[in-house]
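Report on one structure; see the data block that follows.
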Amino acid sequence: MNIRETDAMRVMSIARRITIPDVRHAAAELAPLIEAEIGRAGLTPAGPWIFIAQNLPKNATTAFDWRICRPVEGGKDYHGALDMITLEPIMVASALHQGPMRSLFTQGYAPLVEKIEMSRHNFSGESREIYHRWAGPGARYHEIEIQFGLAN
């Protein structure tokens, strides 16, 4: 577990209220829309995809607030169809999951949650997945950083 402060960043994003099983389909649908809008607006991607969850549930049926984001350079005067927001710095506990998506929760999320619960830190309710290396659906290897926001 690594404790650190994230950097502030401008992101183009789309928010949805979905369940955990819906994330896969929502990402596949929305990522091309964001990419197209980045190109249309003349912006430059400035980092990997980020998925942000508010109060991520522990089951597959409870809906939660989710946002798919792509960091960009530029965009101060953006007035397009999508959300251009600034992610403010937050303190996070993070871990890097290296492997297939099917083990993201058991080998990525679960050990990190256990370490945070055993520490003196409290969850803020925000969590993030940063896709440092995405090899496509069904691939055997990805590098996904899991971050849990920490409350004061």
Side-chain angles (χ1 to χ4, degrees), residues 1-105 108-109 112-113 116 123-152:
M1 175 174 73
N2 184 22
I3 306 292
R4 65 180 181 84
E5 185 176 38
T6 63
D7 294 326
M9 66 185 88
R10 297 277 294 163
V11 298
M12 183 164 290
S13 68
I14 301 173
R16 292 285 187 268
R17 184 149 182 88
I18 59 177
T19 63
I20 290 173
D22 296 333
V23 170
R24 177 182 186 183
H25 301 292
E29 172 193 345
L30 301 175
L33 299 176
I34 293 173
E35 288 290 348
E37 185 67 5
I38 289 171
R40 188 202 65 72
L43 305 173
T44 304
W49 289 96
I50 301 170
F51 296 175
I52 301 175
Q54 295 296 328
N55 300 309
L56 186 68
K58 294 181 180 181
N59 64 62
T61 58
T62 302
F64 63 99
D65 293 322
W66 176 82
R67 183 176 289 276
I68 181 173
C69 306
R70 184 72 190 259
V72 295
E73 290 180 359
K76 272 189 174 180
D77 299 325
Y78 174 77
H79 297 291
L82 302 183
D83 296 333
M84 178 71 74
I85 62 173
T86 299
L87 299 181
E88 298 297 333
I90 62 169
M91 291 301 296
V92 298
S94 68
L96 186 64
H97 171 69
Q98 297 174 303
M101 287 302 291
R102 71 177 178 275
S103 63
L104 179 64
F105 283 96
Y109 273 86
L112 180 56
V113 167
I116 295 168
F123 295 92
S124 72
E126 180 175 319
S127 59
R128 300 178 180 182
E129 293 175 1
I130 295 87
Y131 286 78
H132 294 288
R133 180 175 176 209
W134 172 252
R140 293 181 179 188
Y141 185 83
H142 307 285
E143 289 182 1
I144 303 166
E145 183 180 351
I146 303 163
Q147 298 179 343
F148 280 99
L150 301 174
N152 292 341

Test side chain to side chain donor-acceptor pair (under 3.5 Å) applied to R4 - qualifying residues, sequence neighbours left out: E145
If you take all heavy atoms of E88 and R128, which pair is closest and at what distance? O-NH2, 3.9 Å
Tell me the closest heavy-atom pair linking S94 and Q147, and the distance in Å. CB-CG, 3.9 Å
Side chain to side chain contact (heavy atoms under 4.5 Å, CB included) involving R16 - partner list, sequence neighbours excluded: I14, I18, L30, W66
Closest non-hydrogen contact found for P57 with I20 is O-CD1, 3.5 Å
Partners passing side chain to side chain donor-acceptor pair (under 3.5 Å) against T62 (at least two apart in sequence or in another chain): N59
Aromatic plane relationship, F105 with Y109 - under 30° parallel, 30 to 60° tilted, over 60° perpendicular: parallel
So do Y78 and V72 actually touch side chain to side chain, heavy atoms under 4.5 Å? no
For V113, what residues pass the side chain to side chain contact (heavy atoms under 4.5 Å, CB included) criterion, not counting sequence neighbours? E117, F123, F148
With I52, which of I130, V11, L87 fulfils side-chain contact (heavy atoms from CB on, under 4.5 Å)? L87
Just grab all the salt bridge (charged side-chain N to carboxylate O under 4.0 Å, His left out) pairs involving residues 44-73, residues at least two apart or on different chains. R17-D65, E35-R70, R67-D83
Residue set satisfying side chain to side chain donor-acceptor pair (under 3.5 Å) with R40, at least two apart, ordered chain then number -> E37
